[in-house]
Trainee: 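Before anything else, here's the structure in question.
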Amino acid sequence: MYDIKRIRRDFDEILSAVEKRGKGDFGLLEIRDLEKKRRDILVLVEQLRNEQKTKSRLIPQFKKEGKDAMALLEELKSLSSEISLLDEQLKEVECSFEELLYYVPNTPHDDIPLGKGEDDNVELRRWAEPRVFDFEAKPHWDLGVERDFLDFERGAKVVGSRFTFVKGACARLERALMNYFLDFHTLSGKYTEIGSPGVANRQAMTGTGQLPKFIEDMYHCTEDDYFLIPTAEVTLTNFHREEILPKEDLPVYITAFTQCYRREAGSAGRDTKGIIRQHQFGKVELVKLVEPKSSFEELEDMVSDVERLIQSLELPYRVIELCSGDVGFSSAKTYDLEVWFPSYDNYREISSCSNFLDFQARRCMLRYRNEEGKVEFLHTLNGSGIPTGRCLAAIIENNQTEDGKIRIPKVLRPYMGGLDEI
RNA sequence: GGAGAAGUACUCAAGUGGCUUAAGAGGCUCCCCUGCUAAGGGAGUAGGCUUCGAAAGGGGCGCGAGGGUUCAAAUCCCUCCUUCUCCGCCA
């Protein structure tokens with residue numbers, strides 16, 4: 001969300017930045033008009049209110065002196081009705097103004113590549129060569145079923161499509177991933193582990209930008225107006241919502257493992273095989289709340305944390321910088337990390353690290369007190385660090401042996417009771 | 001889920017419609033007095049949002065949240081949230 005004042009002051013700059021997404025002005029022109037209208041009414045209302053306050057203070061005085069206050073009361077009555085009339089107009093304008101504002105995406109950062117979509121993203125670097133198999137490598141969905149590790153049919157029976165049971169040693173491996181990822185980020189003392197709720201209210205979902213625009217993608221508990229979280233980004237970023245943090249508390253680095261729930265509304269027919277795209281998946285998420293001046297450095301630092309994690313798992317990956325047409329709604333700059341999948345003969349996203357600048361912070365009222373004692377919005381960042389499901393699929397595929405076993409990466413063996421394969 | 005109580009600023013807390021333009025105390029900041037410390041005296045301490053203004057400086061909102069009644073609401077009414085106590089249920 002944008003600062004109203006900034007929309008007024010730097011309107012052309014914001015407009016041209018948002019237009020780099022290649023999808024129009026996102027209602028900015030209308031927003032500007034409404035904002036002007038809002039202020040016109042506001043000034044009037046406030047003048048009248050001041051008059052009302054001043055004059056009604058005279059009433060007790062009149063009473064004390066035994067003077068007749070009838071004329072004054074009449075005047076105040078009409079003043080009051082005038083105010084409530086204008087107030088209604090004001091509320092109306094403010095509502096539509098705010099509603100529109102929530103649908104405007106963040107401004108893509110200046111230095112990211114210009115482009116229309118996925119194809120214009122830029123590959124920055126690769127790590128490790130994809131393995132060359134001397135036998136026919138199986139996709140994880142085949143191998144998983146053969147080994148009785150993954151049960152898609154029962155997942156569909158008990159819930160529906162895109163829900164899967166994970167069994168036996170494979171379930172243990174996924175649990176090992178969860179523990180390893182959390183340990184990786186927290187044992188260094190860098191990130192603080194949080195146990196997080198798996199649902200969030202409407203305000204929180206609006207704070208990080210999932211609502212109002214992407215309501216179709218969310219599982220909604222209508223009884224309570226709660227939403228299953230699509231990522232721990234929601235609960236972690238909202239953790240300090242409406243707070244003013246002392247400067248000494250910064251930067252805030254937090255992480256959580258949660259289940260994530262996504263309706264995948266627009267994804268019918270994509271990745272229907274395997275556990276690449278599920279309605280529910282486990283993920284360790286990283287969130288940073290930082291001072292504005294350091295947020296881009298913090299993004300690089302976050303990416304390198306995730307890279308080291310993937311390297312430790314010995315999975316080949318590449319780093320992609322998203323172009324202006326592909327960068328997410330709330331993000332100003334995003335790096336995607338993609339891991340090699342033999343079954344796709346390609347890299348697939350396993351982590352996405354973004355700098356949101358103050359976009360989410362404004363929606364969440366996430367602030368801190370700077371050196372001069374002034375209150376200022378924080379910058380927020382997040383990144384997957386990393387999902388257990390996709391990572392499990394990647395390990396199954398990349399580490400399979402000719403006889404259908406899965407080699408356990410060295411760093412995971414302590415979490416697997418010393419097993420080197422399953 | 002049922003019954004009750006509560007929510008006012010950093011903390012405690014007064015406040016049953018206009019004399020509150022939110023008292024008082026503690027804490028905190030500064031000053032005076034002290035050789036230092038304690039005690040004592042004095043001054044300051046409502047943050048945030050927003051709006052007008054080049055600035056200085058005005059104005060509006062704010063007592064858990066949102067509505068309502070009224071010329072006027074911390075105060076009266078309604079809905080909701082949170083906390084506490086008791087009962088019920090439950091991993």
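Just so we're on the same page: letters track the sequence lines, and every chain starts at 1. A quick note: this is a predicted structure, and the numbers were derived from the prediction, not measured.
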Trainee: Mind checking side chain to side chain donor-acceptor pair (under 3.5 Å) for A:Arg9 and listing every partner two or more places apart, or none if nothing turns up?
Mentor: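 Side chain to side chain donor-acceptor pair (under 3.5 Å) list for A:Arg9, sorted by chain: empty.
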Trainee: How would you list, by chain and number, every residue that makes a side chain to side chain donor-acceptor pair (under 3.5 Å) with A:Ser161, sequence neighbours excluded?
Mentor: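 Result, side chain to side chain donor-acceptor pair (under 3.5 Å) vs A:Ser161: none returned.
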Trainee: Suppose you measure atom P in B:G2 against the same atom in B:C80; what distance do you get, rounded to whole Å?
Mentor: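 Rounded to whole Å, the distance is 11 Å.
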Trainee: If only side-chain N and O atoms count, and only distance matters, is there a donor-acceptor pair under 3.5 Å linking A:Glu193 with A:Thr255?
Mentor: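 Their side chains do not contain a donor-acceptor pair, so the 3.5 Å distance test is not met.
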Trainee: Return the set of residues passing side chain to side chain donor-acceptor pair (under 3.5 Å) with A:Tyr102 (not counting sequence neighbours), or none when no residue passes.
Mentor: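 By the side chain to side chain donor-acceptor pair (under 3.5 Å) rule, A:Tyr102 matches no residue at all.
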Trainee: What string of B, S and - do you get for nucleotides 49-58 of chain B, 5' to 3', when a contact is any protein heavy atom under 4.0 Å?
Mentor: SSSS------
Trainee: On RNA chain B, nearest-nucleotide positions of A:Arg369 versus A:Gln47: which is more 5'?
Mentor: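 It is A:Arg369 whose nearest nucleotide is closer to the 5' end.
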Trainee: Keeping to residues at least two apart or across chains, list the salt bridge (Lys or Arg N to Asp or Glu O under 4.0 Å) pairs with something in residues 73-85 of chain A.
Mentor: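 Checked against salt bridge (Lys or Arg N to Asp or Glu O under 4.0 Å) - neighbours excluded - the pairs reaching residues 73-85 of chain A are A:Lys55-A:Glu75.
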Trainee: Run the side chain to side chain contact (heavy atoms under 4.5 Å, CB included) test against A:Asp10 and tell me which residues pass, sequence neighbours left out.
Mentor: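 A:Asp10 satisfies side chain to side chain contact (heavy atoms under 4.5 Å, CB included) with A:Arg6, A:Glu13 only.
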Trainee: Check the phosphate of B:G59 against A:Asn50, side-chain N and O only, distance under 4.0 Å to OP1 or OP2. Yes or no?
Mentor: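 No.
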Trainee: A:Glu223 CD to B:G1 P: how many Å, rounded?
Mentor: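 From A:Glu223 CD to B:G1 P: 11 Å.
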Trainee: Could you work out the separation of B:C33 and B:G41 based on their P atoms and round it to a whole Å?
Mentor: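 Between the two P atoms, the distance is 16 Å.
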Trainee: Salt bridge or not between A:Asp420 and A:Lys410? Use side-chain N to carboxylate O under 4.0 Å.
Mentor: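 A:Lys410 and A:Asp420: not salt-bridged.
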Trainee: Say you pick atom P in B:C32 and the same atom in B:U51; how far apart are they, in whole Å?
Mentor: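 The same atom, P, in both gives a distance of 42 Å.
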Trainee: Base contacts versus sugar-phosphate-only contacts with protein, heavy atoms under 4.0 Å: please encode nucleotides 62-76 of chain B as B, S and - from 5' to 3'.
Mentor: -----S---BS----
Trainee: Using the ring-ring contact (aromatic ring centres under 6.0 Å, His included) rule, take A:His109 and A:Phe296 through it: C-alpha gap first, then chi angles, then the decisive distance, then the call.
Mentor: CA-CA 10 Å; A:His109 190 242; A:Phe296 283 101; 4.1 Å; yes
Trainee: Could you list the residues that satisfy side chain to side chain contact (heavy atoms under 4.5 Å, CB included) with A:Phe214, not counting sequence neighbours?
Mentor: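 Once residues adjacent in sequence are excluded, the partners of A:Phe214 under the side chain to side chain contact (heavy atoms under 4.5 Å, CB included) criterion are A:Asp217, A:Met218, A:Phe329.
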Trainee: Can you check the distance between B:U85 and B:A91, where both ends of the measurement are the C1' atom (answer in whole Å)?
Mentor: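 B:U85 and B:A91 have their C1' atoms separated by 24 Å.
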Trainee: Using Watson-Crick or G-U wobble geometry with both distances below 3.5 Å, tell me the partner of B:U82, or none.
Mentor: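 For B:U82, the partner nucleotide comes out as B:A6, under the 3.5 Å rule.
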Trainee: Please give the nucleotide sitting opposite B:G35 as a Watson-Crick or G-U wobble pair, both distances under 3.5 Å, or none.
Mentor: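 Partner of B:G35: none found under 3.5 Å.
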Trainee: Write down the distance separating the C1' atoms in B:A13 and B:G24, rounded off to the nearest Å.
Mentor: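 That atom pair is separated by 8 Å.
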Trainee: Could you work out, with side chain to side chain contact (heavy atoms under 4.5 Å, CB included) as the rule, every residue matching A:Asp120, not counting sequence neighbours?
Mentor: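 If we apply the side chain to side chain contact (heavy atoms under 4.5 Å, CB included) test to A:Asp120, skipping adjacent residues, the hits are A:Lys116, A:Cys323.
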Trainee: Going by the salt bridge (Lys or Arg N to Asp or Glu O under 4.0 Å) test, which pairs reach into residues 202-215 of chain A, not counting sequence neighbours?
Mentor: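 Those involving residues 202-215 of chain A are A:Arg202-A:Asp225.
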Trainee: Please enumerate all residues that pass side chain to side chain donor-acceptor pair (under 3.5 Å) together with A:Asn50, with sequence neighbours excluded.
Mentor: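 A:Asn50 satisfies side chain to side chain donor-acceptor pair (under 3.5 Å) with no residue once adjacent residues are dropped.
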Trainee: Who is the Watson-Crick or G-U wobble partner of B:G62, with both distances under 3.5 Å?
Mentor: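 Paired with no nucleotide.
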Trainee: Just by distance, with hydrogens left out, do A:Tyr368 and A:Asp249 show a side-chain donor and acceptor under 3.5 Å apart?
Mentor: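 No - no donor-acceptor pair under 3.5 Å links their side chains.
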Trainee: Do any N or O atoms of the protein come closer than 3.5 Å to N or O atoms of nucleotides 78-83 of chain B, and which pairs are they?
Mentor:
none

Trainee: Using the glycosidic torsion, which applies to B:G47: syn (within 90° of 0) or anti (everything else)?
Mentor: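 Glycosidic conformation of B:G47: anti.
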Trainee: How far does the C1' atom of B:G18 sit from the matching atom of B:U70, given to the nearest Å?
Mentor: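 My reading of the C1' atoms in B:G18 and B:U70 gives 12 Å.
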Trainee: Taking atom P in both B:U83 and B:C30, compute the distance separating them and give it to the nearest angstrom.
Mentor: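 So the two P atoms sit 38 Å from each other.
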Trainee: Please determine, for B:G44, whether a Watson-Crick or G-U wobble partner exists with both distances under 3.5 Å, and give it or none.
Mentor: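 Answer to the pairing question: B:C28, which forms a Watson-Crick or G-U pair with B:G44.
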Trainee: For B:G53, which nucleotide in any strand shown is its Watson-Crick or wobble partner with both distances under 3.5 Å?
Mentor: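 B:G53 is paired with nothing.
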Trainee: When the P atoms of B:A3 and B:U45 are considered, how many whole Å apart are they?
Mentor: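 Going atom to atom, P in each nucleotide, I get 46 Å.
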Trainee: Could you tell me the separation between the CD atom of A:Glu94 and the P atom of B:G60, rounded to a whole number of Å?
Mentor: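 The distance from CD of A:Glu94 to P of B:G60 comes to 17 Å, rounded to the nearest Å.
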